[in-house]
Number of protein chains: 2
Amino acid sequence: MQDSIEYKLKAEGYKITAQSKTIIKAFAKAKNHLLSAEKVYEWINEHEKSIDLSTIYRNIEIMMNIGVLKKISLDNHADQYKLSVTNEHHHHIVCVSCGRSEIFKDCPVAHIEKTLINKTGFTPIEHKLEILGYCQSCTRKSRD
Amino acid sequence: MQDSIEYKLKAEGYKITAQSKTIIKAFAKAKNHLLSAEKVYEWINEHEKSIDLSTIYRNIEIMMNIGVLKKISLDNHADQYKLSVTNEHHHHIVCVSCGRSEIFKDCPVAHIEKTLINKTGFTPIEHKLEILGYCQSCTRKSRD
DNA sequence: CTAAGTGCAAATCTTTTGCAACTTA
DNA sequence: TAAGTTGCAAAAGATTTGCACTTAG
């Protein structure tokens, strides 16, 4: 996973540095949890040799460009990111309690595009969909 | 429309001021076009007695609280807002070219909640959906 | 009269940028 | 060695806040 990202970076003409490796590692360790730039910074401060925030932002941008990182903006937060190696169109459902997120690929928006064109006259080109909820373990906890 | 918003503000214990009236007017004039706080500020500067940006932000917050204004965050922009007096669940499709927006009420997310629970174990509680596209007149223009 | 709203200036938070020094390929 | 990357400091953009003054009810 980390390797395939490095490979893709190289393929796109970027250089691999100790910093970019560490940043990829931070996201890989976070698994399904969303991370803000600040959170990446904190994690690295605790576990690795410190990296400047601006470097983290610059690497995030690169990783978004090559399509291995996806940005998720929720209200009242800094933008958050997670690794996303698949090319398939998908969305995320995010746990409001613990920040875990899960991919779902059955995009419901595709089904309504025709209706949308008919009803509004708009021609849709893209969409942003984020679903918030409780993940399995947080649902369980809230029942206790 | 403006009146019903003032009524609602009063009902919730807020005072009506010259400033709040002007801000409501700005949104009313904009009709379906999204406005950022800055845009509201500019419009008022051009057409009415100037109001401080912080006052605009404070009024926007109040109007969101009482549910007459909806926030729409798109990437690389300041947050944008539009009046939304209906209580009915709905989403917006926004024209990337001119900023016009239209409501659509057939929310496709409702249909997939059960699938979502089954497949991800998450219990959804809310969602954010924004569709971007070209409105009718911008679609026409781009064909020319 | 008094609680709420306002303008102003300053602060905050997130993200971006310029630049000289440093690394990777 | 050339081009890309980094750290640092500073800037930028959006939004929020403290406070003394004003105003609506």
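Hydrogens, waters and symmetry mates are skipped; everything else that's a heavy atom, side chains included, is used. In what follows, chains are A, B, ... by sequence order, proteins preceding strands, each numbered from 1.
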In whole angstrom, give the distance that lies between atom OH of Tyr41(B) and atom C1' of dT15(D). 14 Å
Strictly below 4.0 Å: does Tyr57(B) bring a side-chain N or O up to OP1 or OP2 of dT16(D)? no
Which ones in residues 18-31 of chain B lie close to DNA chain C, meaning a heavy atom under 4.0 Å from one of its atoms? Gln19(B), Ser20(B)
Nearest-angstrom distance from the residue atom CD of Glu61(B) to C1' of dT16(D): 9 Å
Can you tell me how far apart CD (Glu42(B)) and CG (Leu35(B)) are? Round to the nearest 0.5 Å. 10.0 Å
Should the heavy atoms of other residues, nucleotides or ligands under 6.0 Å from NZ of Lys128(A) be counted, would the total exceed 12? yes
Given Asp79(B) and Ser73(B), is the side chain to side chain donor-acceptor pair (under 3.5 Å) satisfied, shown in steps? CA-CA 5 Å; Asp79(B) 290 336; Ser73(B) 319; 3.1 Å; yes
Whole angstroms only, please: what is the CG-C1' distance between Asp75(A) and dT15(D)? 14 Å
Would you indicate whether Lys71(B), at its atom NZ, is surrounded by more than 12 heavy atoms from other residues, nucleotides or ligands within a distance under 6.0 Å? yes
Under 4.0 Å from a heavy atom of chain B: give me the 5'-most and 3'-most nucleotides of DNA chain C that qualify. dA3(C) to dC8(C)
dist His92(B):NE2 -> His90(B):NE2 (nearest 0.5 Å) comes out at 4.0 Å
Could you tell me the separation between the CG atom of Asn32(A) and the CD1 atom of Ile93(A), rounded to the nearest 0.5 Å? 12.5 Å
When the distance from CG of Asp52(B) to C1' of dC21(D) is rounded to whole Å, what number comes out? 14 Å
Taking everything shown except Glu61(B) itself, do over 12 heavy atoms lie less than 6.0 Å from its CD? no
Sub-3.5 Å donor-acceptor pair from the side chain of Thr120(B) to the main-chain atoms of Ile117(B), do we have one? no
Rounded to whole Å, how long is the line connecting atom CG of Leu53(A) with atom P of dG7(D)? 11 Å
Please check if atom NZ in Lys8(B) has more than 12 non-hydrogen atoms from other residues, nucleotides or ligands closer than 6.0 Å. yes
Ranking Gln80(B) and Ser54(A) by the position along DNA chain D of their nearest nucleotide, the one closer to 5' is Ser54(A)
Evaluate side chain to side chain donor-acceptor pair (under 3.5 Å) for Ser50(A) paired with Asn45(A), printing each intermediate quantity in order. CA-CA 5 Å; Ser50(A) 182; Asn45(A) 266 334; 2.7 Å; yes
If each of Ile56(A) and Gly13(A) is mapped to the nucleotide of DNA chain D with the nearest heavy atom, which maps nearer the 5' terminus, i.e. the 5' end? Gly13(A)
Which of these nucleotides, dG25(D), dG18(D), dG4(D), is closest to any side-chain atom of Lys15(A)? dG4(D)
Taking the side chain of Thr17(B) as heavy atoms from C-beta outward, which of dT6(D), dT15(D), dA24(D) is closest to it? dA24(D)
What is the bend of the helix from dC1(C)-dG25(D) to dA25(C)-dT1(D) when you compare the axis at one end with the axis at the other, using five pairs each and rounding to 10°? 40°
With heavy atoms under 4.0 Å as the rule, sort Ser36(B) into base, sugar-phosphate or nothing. nothing
Check the orientation of His91(A) and Phe104(A). Use parallel for under 30°, tilted for 30 to 60°, and perpendicular for over 60°. tilted
Whole angstroms only, please: what is the CD-P distance between Glu6(B) and dA24(D)? 13 Å
Counting only heavy atoms not in Lys21(B), do more than 12 sit closer than 6.0 Å to its NZ atom? no
Using atom CG of Leu74(B) as one end and atom C1' of dG13(D) as the other, report the distance to the nearest whole Å. 17 Å
